[in-house]
Each structure stands twice: as C-alpha cells, then as structure tokens.
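Worksheet: one structure, shown below.
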Amino acid sequence: MRLYRSLATGAASLALLATLSGCGSDSESKTGADSVFGSDGSGSAGDSGAAGLPSAKTLKEVQEFISGTGLPCSNLTDDQSANGTPAEGFLGPSDEDDTEAQAAEKDAWEIRKSGFCGETRSDTGGWVLYLPSDMKAFQENYRKQAREAAKEEGWTDSLALGRFFVGADFIIDPTNVQASRTLLEAGMLVENCDPGFKAPEGYLTKDAQASGCVLTNYLVDPLDQ
C-alpha cells in the first residue's frame with residue numbers, strides 16, 4: 001500500500017519537492033508561516049498542539065479544503081481501484097479480508113477513514129486523504145517507518161524525509177510534488193523526524209505529537225545533506 005511501501009523510495013521525489021518550497025527567497029518562504037501563525041510568523045518549537053493548523057473532520061471537508069486552495073479535487077472517492085487513484089492503492093482501516101499481519105500493520109496507523117481525489121497521472125497529481133482516529137499514533141508510526149527505511153537505505157545520518165502534510169485532524173499525502181507548495185501556503189505543515197533537522201532562518205518548526213519529530217514548512221533536499 002502507498003502509505004508505507006513508498007517510504008524508502010521518497011528521497012528523489014523530495015529533491016523535487018524542495019525545489020518548489022526550499023529554494024525561494026526568505027520573503028517567499030514565509031508565506032506558509034504567515035498562513036498558519038499570522039503575519040508575524042510567530043510559531044514556536046514548543047507548540048505541540050494543533051492550534052493554527054487547518055481542520056477538516058470528514059473526507060468531504062478535506063476535499064473542500066483542497067479545492068479552496070485552487071487545486072482540482074472534484075472526484076472524491078474511497079475506492080482504491082477508482083480511476084486515477086495510485087496504482088499501488090492506499091492504506092485504510094483493516095477489514096475481514098486482511099491477514100493478521102496486514103491488520104496489525106494497518107491498525108498501527110490508527111486511520112479511521114481514507115480517500116483520494118485528483119488524478120495521479122496529471123501534471124498536478126492527486127491526494128490521498130487520511131482521517132486518523134489518533135493523530136499521535138499516526139505521527140509516531142510514521143517516525144518508526146521512516147527511520148526503519150532510512151536504516152535500510154543506509155542514510156540514517158541524513159534522515160530528512162517528510163512525506164505527510166499535517167492538519168489539525170487530517171493528513172494529505174500528495175502523489176505529485178508540484179502541488180505541495182500550495183498545501184504549505186494553505187497552512188499545512190510537514191512532519192520531519194530527522195533528529196538533526198534544523199529549519200533555516202525564515203522557516204518555522206513546532207513540536208510534532210511524535211517525540212523527536214517536528215512539523216515544519218521547510219522541505220529538505222536530501223542532496224544538500
């Protein structure tokens with residue numbers, strides 16, 4: 001499933017993602033901060049709550065959030081085999097067809113509902129939408145998966161991946177990095193679990209709910225590490 005199988009292969013995509021969000025001027029880079037924390041960009045590293053992050057409690061509300069940014073999201077579905085969805089599918093709650101191991105892996109993410117909108121093969125791409133029943137559990141499981149993938153790939157010392165865009169109560173996983181800057185400007189932040197990560201001046205960080213991780217509007221290019 002897309003949620004965890006692609007963690008170990010995300011470095012190349014994030015190199016492109018950083019081109020969109022990490023290479024602008026300092027004044028440009030503050031746009032995301034302004035939309036989350038106000039015009040003074042006064043986010044603090046000690047703020048681990050959801051204050052200031054966009055909220056959406058249903059898949060329909062997440063669809064409306066994405067559409068409100070100007071991105072196309074008219075074909076909302078929870079069917080993993082629907083036209084335009086990722087070929088590898090996406091993760092949802094466990095069901096009776098899962099093996100015990102599959103159910104355990106799914107349940108660790110604490111996802112109560114998931115869906116998709118957009119078109120994977122388009123220039124803009126699409127978005128996998130997740131509504132976690134426990135946001136802390138989701139973030140902690142990402143930390144675990146990302147660090148395991150980093151060890152397997154042999155780049156533990158530069159663990160800079162940040163794949164999930166975090167709202168107050170929802171998660172978006174883009175299938176095309178070109179739209180990611182728009183999500184940052186709309187107030188979402190990215191979970192980064194690199195123990196050595198430090199955002200450059202002009203970008204913000206705040207504590208994630210997963211210990212040792214932060215939420216940030218800076219996307220690291222692994223090639224710069």
For this session: Evaluate side-chain contact (heavy atoms from CB on, under 4.5 Å) for Thr77 paired with Thr85, printing each intermediate quantity in order.
Result: CA-CA 9 Å; Thr77 180; Thr85 59; 4.2 Å; yes
For this session: Run through Val62, Asp173, Leu183 and flag the one making a side chain to side chain contact (heavy atoms under 4.5 Å, CB included) with Trp127.
Result: Leu183
Which side-chain N or O atoms in residues 89-97 pair as donor and acceptor under 3.5 Å with protein atoms at least two apart or in another chain?
from  : atom 1 : to     : atom 2 : distance (Å)
Ser94 : OG     : Asp107 : OD1    : 2.8
Asp95 : OD1    : Asp97  : N      : 2.9
Asp95 : OD1    : Asp98  : N      : 3.4

Problem set entry | Side-chain touch Phe116/Thr175, heavy atoms, less than 4.5 angstrom | yes
Exercise. Is there a donor-acceptor contact under 3.5 Å from the side chain of Glu105 to the main chain of Ala101?
Worked result: no
Problem set entry | Phe164 vs Val190 side-chain heavy atoms within contact, under 4.5 Å | no
For this session: Say whether, by atom type as modelled, one donor and one acceptor occur between the side chain of Thr205 and the main chain of Thr216 under 3.5 angstrom.
Result: no
Problem set entry | Leu131 vs Lys57 side-chain heavy atoms within contact, under 4.5 Å | no
For this session: Verify side-chain contact (heavy atoms from CB on, under 4.5 Å) between Ile172 and Val128, making sure each step is shown before the conclusion.
Result: CA-CA 6 Å; Ile172 296 178; Val128 183; over 6 Å; no
For this session: Check whether the side chains of Ser133 and Glu110 place a donor and an acceptor atom closer than 3.5 Å, and report yes or no.
Result: yes
For this session: State which residues pass side-chain hydrogen bond (donor to acceptor under 3.5 Å, both in side chains) with Arg112; sequence neighbours excluded, sorted by chain then number.
Result: none
Exercise. Do any N or O atoms from the side chain of Asn75 and from the backbone of Cys117 form a donor-acceptor pair under 3.5 angstrom?
Worked result: no
Problem set entry | Sub-4.5 Å side-chain heavy-atom contact between Leu129 and Ser114 | no
Problem set entry | Chi angles and distances behind the side-chain contact (heavy atoms from CB on, under 4.5 Å) call for Gln139, Asp134 | CA-CA 9 Å; Gln139 293 185 18; Asp134 186 331; over 6 Å; no
Exercise. Looking at side-chain heavy atoms only, is the closest gap between Thr124 and Pro72 below 4.5 Å?
Worked result: yes
Exercise. With a 4.5 Å limit on heavy-atom distance, are the side chains of Tyr130 and Trp109 in contact?
Worked result: no
Exercise. Any side-chain heavy atom of Phe165 within less than 4.5 Å of one from Ile171?
Worked result: no
Problem set entry | Side-chain touch Leu189/Leu204, heavy atoms, less than 4.5 angstrom | yes
Exercise. Below 4.0 angstrom, N of the basic side chain to O of the carboxylate: do Glu140 and Lys144 qualify?
Worked result: no
